[in-house]
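All remarks here apply to the structure that follows.
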Amino acid sequence: MDVPELRAEGRMVGGSPADPAAAAPPPKEKAPRKRRRVSVLGLMLRTGLVLTVAGGLAAGVAGWSLYRSAEADLPDHTWLADYQPPQMSRIYAADSRLMAELAQERRVFVPIEAIPERIQQAFVSAEDQNFWTHPGVDPMAIARAALVNVEQMSTGRRPIGASTITQQVAKNMLVGNDRTLTRKLREAVLALRIEQAMPKGRILEIYLNEIFLGAQAYGVAAAAQNYFNKSLDELTLAEAAFLAALPKAPNNYNPLRFPDAAKARRDWVLGRMAEDGRVTRAEAEAAMAEPIVPRPSRRPDMVAVGQHFTEEVRRELVARFGADQTTMGGLVVRTSLEPTLQAEAERALRRGLLDFDRRRGGWRGPVAQIPAAATEWLPALQEVQRPPGMAPEWRLAVALEVRDREARLAWLERPDPRSAPQPRTMSLFYEEVSGWARPVRDGRLGPAPRRLGEVIAPGDVVMVEVLPATPAQGRTPARPERLALRQVPEVEGAVVALDPNNGRVLAMVGGWSFDKSWFNRATQAQRQPGSSFKPYVYLTALEAGIPPNQQLLDAPVEIMTPQGLWRPGNYGATQPQGWVTMRSAMERSLNLVTIRLAQQVGIAAVAETANRFGVIPNMPRLLSMSLGAGETTVLRQAAGYAGFVNGGRQVTPTLIDTVQDRHGRLVWRTDQRRCEACESAGPAGGPPALTEERRQIADPVAAFQMVSLLQGVVQRGTGTRAGEGLGRPVAGKTGTTDDYKDAWFVGFTPDLVVAVWIGYDDPRSMAVPGLPDADVTGGRMAAPVFRDVVAAALQDSPPVPFRAPPGTALVRVQVANGQTILEPFRPGTENSARPPSDPFATGSGGGSAAAGLDRGLGGLY
């Protein structure tokens with residue numbers, strides 16, 4: 001092999017490397033580098049991708065932070081599972097008629113099972129078509145609302161929402177109504193959680209009972225009553241669709257104010273129901289053809305009387321159950337009120353007060369003064385407000401023309417509640433006002449008017465009543481329809497009627513008018529009972545063994561007190577009668593005998609009797625208390641007298657019979673008597689016996705003796721007006737306090753006790769100088785009211801005699817007027833009546849009359 005070739009090939013020769021220069025290949029020329037061309041579109045895509053990812057991450061972080069912030073203080077939603085919506089309480093009379101509804105919001109709770117399916121479907125179609133399928137939030141509805149809002153962005157219209165029914169429950173019950181993004185997020189989160197915590201039916205139940213539907217109605221049941229006066233099961237398809245149209249804007253769809261808008265929205269709901277297949281297209285079109293006819297009206301069976309009674313019941317409920325439970329607990333309260341008797345008691349008291357006002361009150365002037373011109377009086381009269389206490393049957397009239405014997409008056413009459421008021425004119429004659437409309441000057445009555453112009457003038461606005469025509473009766477000629485001048489009396493009064501066997505208050509009148517004053521004079525006014533307190537003094541003597549024919553001394557009494565010498569006397573000009581029987585002293589209401597009897601039995605014993613009967617607890621040990629100088633209420637007096645007629649049992653007056661909660665469970669009952677045989681007793685066994693749990697507070701024989709004495713008061717004594725025309729056994733006692741500030745009559749039949757009080761709210765004399773004082777006594781003022789109430793209560797009942805208890809001896813005796821009666825005695829006391837020693841005689845008891853008094857009073861005088 002040739003060596004140069006070997007070298008050329010660069011191989012090693014003899015182990016030595018070849019020449020590097022010779023062995024290296026020849027250098028190559030460097031090719032020019034190609035410049036990369038970047039696409040602008042690619043760059044934009046890559047940049048956009050980066051920004052999108054970055055923005056997404058930022059939005060995710062911000063959203064997560066916002067979610068965590070909203071979730072951190074979310075309210076607890078689990079209590080909704082057991083939530084009971086606030087529900088108004090109802091008070092019912094004894095005949096099951098509704099008396100009142102107590103509520104902060106007019107709401108009637110109805111369980112979902114009792115809500116007709118068509119009403120449920122109407123609300124679901126109108127408010128949340130996918131309610132039964134979505135998890136609490138409806139993404140499709142949100143997207144649809146977003147698109148609509150974008151399209152309407154330039155129109156200025158209000159954005160539409162996409163809240164589901166569950167979200168509305170969360171908003172109404174938990175998060176409030178703020179228009180913020182945070183609130184919407186909280187609402188959505190809670191809606192998801194609510195859906196997981198309770199079934200759909202429960203969510204819909206809460207919604208349908210909580211939603212505000214206008215007209216002060218919360219919930220579908222209250223709305224059905226307010227708009228259509230119907231229950232839910234009575235609503236037509238068109239009416240159900242109208243209710244479902246209201247949640248969006250109840251005030252804007254009020255059918256009375258915006259009938260066209262209300263109908264358009266209702267028809268839209270019907271169309272949605274047809275789209276959802278809830279109704280057929282024919283049914284929807286037939287419902288669309290119906291007009292919306294709202295019938296807001298008061299329930300026809302609502303009791304229109306007894307407002308003072310109702311308010312007393314409300315106060316008792318608040319005291320027993322609290323204000324929240326009373327107004328939002330859905331209580332069903334059944335009371336003892338007899339509406340018919342209540343109405344008669346109110347009329348009787350108003351007649352009595354109006355009669356006194358016409359005899360003693362004088363004319364206190366017109367209500368207002370307006371122009372009497374023919375073109376001006378009508379609008380001016382419409383502006384005059386009715387005075388508080390004005391009777392419903394009275395009218396405000398303006399005097400257009402006044403002459404000496406006749407005046408022409410005009411007022412507005414509404415023949416039909418749905419029609420506009422129409423003017424009516426009628427004449428007022430001088431004879432109607434001549435006997436009573438005397439002017440009042442400086443608290444005194446002026447002379448009787450000689451002409452009508454002295455009573456009213458043109459332009460005077462006065463209260464009048466149209467008296468109906470009366471047919472001829474016997475010698476009384478027929479009288480045509482006539483006009484009577486009226487005014488609200490200043491004098492007030494109260495009436496209580498109760499059952500003496502159980503204490504149930506059947507009627508309670510707290511004054512002339514509840515509109516004039518909420519003050520209940522039957523329970524809240526503390527007044528002196530006067531002589532109506534004397535039966536407790538005489539009962540104490542009867543229980544001590546003194547018989548009713550005991551001879552007692554009616555003679556002057558002088559008592560030294562720290563205020564000076566007290567010389568009590570009998571009423572009016574009644575002179576001391578000497579020795580009289582206990583019965584005669586009670587019938588004639590002799591003060592001097594009562595004081596001596598109280599001193600004889602001890603004023604401490606009298607105070608204990610008053611406490612037992614609940615009339616005057618903790619009565620001061622003063623002899624003046626025996627004449628009724630203490631203070632009590634009309635209700636306490638009625639309950640005290642009930643202890644006489646029921647055989648000496650304690651009576652606790654009650655207004656409420658039972659209270660049930662919203663589920664119908666009995667939570668309180670007044671009658672706590674036990675009946676162990678009620679479950680097992682059958683018709684053959686007769687009525688079961690109840691356990692008597694009332695406390696015996698008086699000896700039964702002594703209680704019956706008191707009943708007999710009080711019968712004499714009505715038959716021969718100061719209370720004869722109380723029994724006129726009744727034709728049945730009646731007992732009772734009059735009461736007139738010092739200076740004629742209070743007039744009482746408290747009486748009873750075997751099955752009814754009625755207490756009546758009349759007087760001014762600010763205690764002042766009802767006597768008027770120049771007029772007889774006998775016109776302002778309990779026998780003249782209060783007894784006729786008692787008679788009218790008893791006549792109304794017992795008009796259809798046969799007379800029932802008073803029942804004597806076992807152990808009573810009835811002995812025929814002759815009373816002072818020569819009449820023979822059956823006098824009740826405790827066995828062994830028939831012949832024990834003899835004149836006792838005089839506790840006020842000098843030397844009696846070892847000292848002067850004043851000394852004997854000091855010992856009897858315990859030093860309290």
Side-chain angles (χ1 to χ4, degrees), residues 348-364 435-448 487-495 509 511-512 521-522 525-534 568-574 587-591 594 624 627-634 637 713-714 717-724 732-747 754-789:
L349 180 62
R350 286 185 176 179
R351 280 195 301 267
L353 299 182
L354 194 60
D355 175 68
F356 171 83
D357 189 69
R358 290 171 70 90
R359 290 185 290 109
R360 297 291 179 123
W363 171 245
R364 294 182 290 278
W436 69 271
R438 302 165 63 179
V440 180
R441 299 169 182 169
D442 299 327
R444 293 177 174 271
L445 290 180
Q487 65 181 357
V488 177
E490 291 183 339
V491 70
E492 282 288 356
V495 176
V509 189
W512 165 266
R521 294 154 189 86
Q526 296 283 341
R527 306 296 297 220
Q528 291 184 336
S531 294
S532 66
F533 180 80
K534 290 177 180 176
N570 292 325
Y571 163 73
T574 303
E587 292 174 358
R588 291 187 279 177
S589 194
L590 299 177
N591 292 340
T594 304
S624 60
L627 301 182
E631 291 183 339
T632 188
T633 67
V634 180
Q637 276 286 69
V713 173
V714 175
T718 59
T720 53
R721 289 176 181 265
E724 291 177 349
K733 183 68 183 73
T734 56
T736 308
T737 61
D738 184 50
D739 202 21
Y740 306 99
K741 295 177 181 176
D742 303 89
W744 291 78
F745 189 87
V746 189
V754 177
V756 181
W757 166 84
I758 295 175
Y760 290 107
D761 282 342
D762 53 329
R764 56 189 172 96
S765 178
M766 292 182 286
V768 176
L771 297 179
D773 293 338
D775 279 355
V776 288
T777 62
R780 173 65 179 86
M781 295 178 62
V785 177
F786 166 89
R787 178 197 60 219
D788 293 346
V789 174

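Quick note: numbers below take in every heavy atom, side chains included, and nothing from hydrogens, waters or symmetry partners.
Interatomic distance, Thr632 OG1 to Phe533 CZ, rounded to the nearest 0.5 Å: 9.0 Å. How far OG1 of Thr734 is from CE of Met781: 13.0 Å, rounded to the nearest 0.5 Å. Here Met766 contributes atom CE and Thr736 contributes atom OG1; the two are 7.5 Å apart, rounded to the nearest 0.5 Å. Atoms CZ and CZ, on Arg438 and Arg358 in that order, are 13.5 Å from each other to the nearest 0.5 Å. Note that the CG atom of Leu445 and the CH2 atom of Trp436 stand 11.5 Å from one another [nearest 0.5 Å].
Under the 4.5 Å side-chain criterion, counting only non-hydrogen atoms from C-beta, Val488 is in contact with Trp512. Residues Lys534 and Leu627 are in side-chain contact: their nearest non-hydrogen atoms beyond the backbone lie under 4.5 Å apart. At least one side-chain heavy atom of Arg441 sits less than 4.5 Å from a side-chain heavy atom of Pro447. Using a 4.5 Å heavy-atom cutoff, the side chains of Arg527 and Val634 are not in contact. At a threshold of 4.5 Å between non-hydrogen side-chain atoms, the residues Val776 and Phe356 count as touching. Side-chain atoms of Thr633 and Gln526, non-hydrogen and from C-beta on, do get closer than 4.5 Å to each other.
Side chain of Thr737 to backbone of Asp742: a donor-acceptor contact under 3.5 angstrom is found. At distances below 3.5 Å, at least one donor-acceptor pair connects side-chain atoms of Thr594 with backbone N or O atoms of Leu590. A donor-acceptor pair is defined here as one N or O able to donate and one able to accept, closer than 3.5 Å; no such pair exists between the side chain of Arg521 and the backbone of Gly493.
Using a cut-off of 4.0 Å between Lys/Arg side-chain N and Asp/Glu carboxylate O, Asp739 and Lys741 are scored as not salt-bridged. In summary, Arg359 and Asp355 engage in a salt bridge, as defined by a charged side-chain N under 4.0 Å from a carboxylate O.
Residue Asp738 qualifies as open at atom CG: its count of foreign heavy atoms under 6.0 Å is 12 or below.
Qualifying salt bridge (charged side-chain N to carboxylate O under 4.0 Å, His left out) partners for Arg444, counting only residues two or more places apart in sequence or in other chains: none. The side chain to side chain contact (heavy atoms under 4.5 Å, CB included) test applied to Ser532 returns Pro529, Gln637, Tyr641, Trp744, Val746, not counting sequence neighbours.
Side-chain contact of Ser589 with Thr718: a donor-acceptor pair under 3.5 Å is absent, judged by distance alone.
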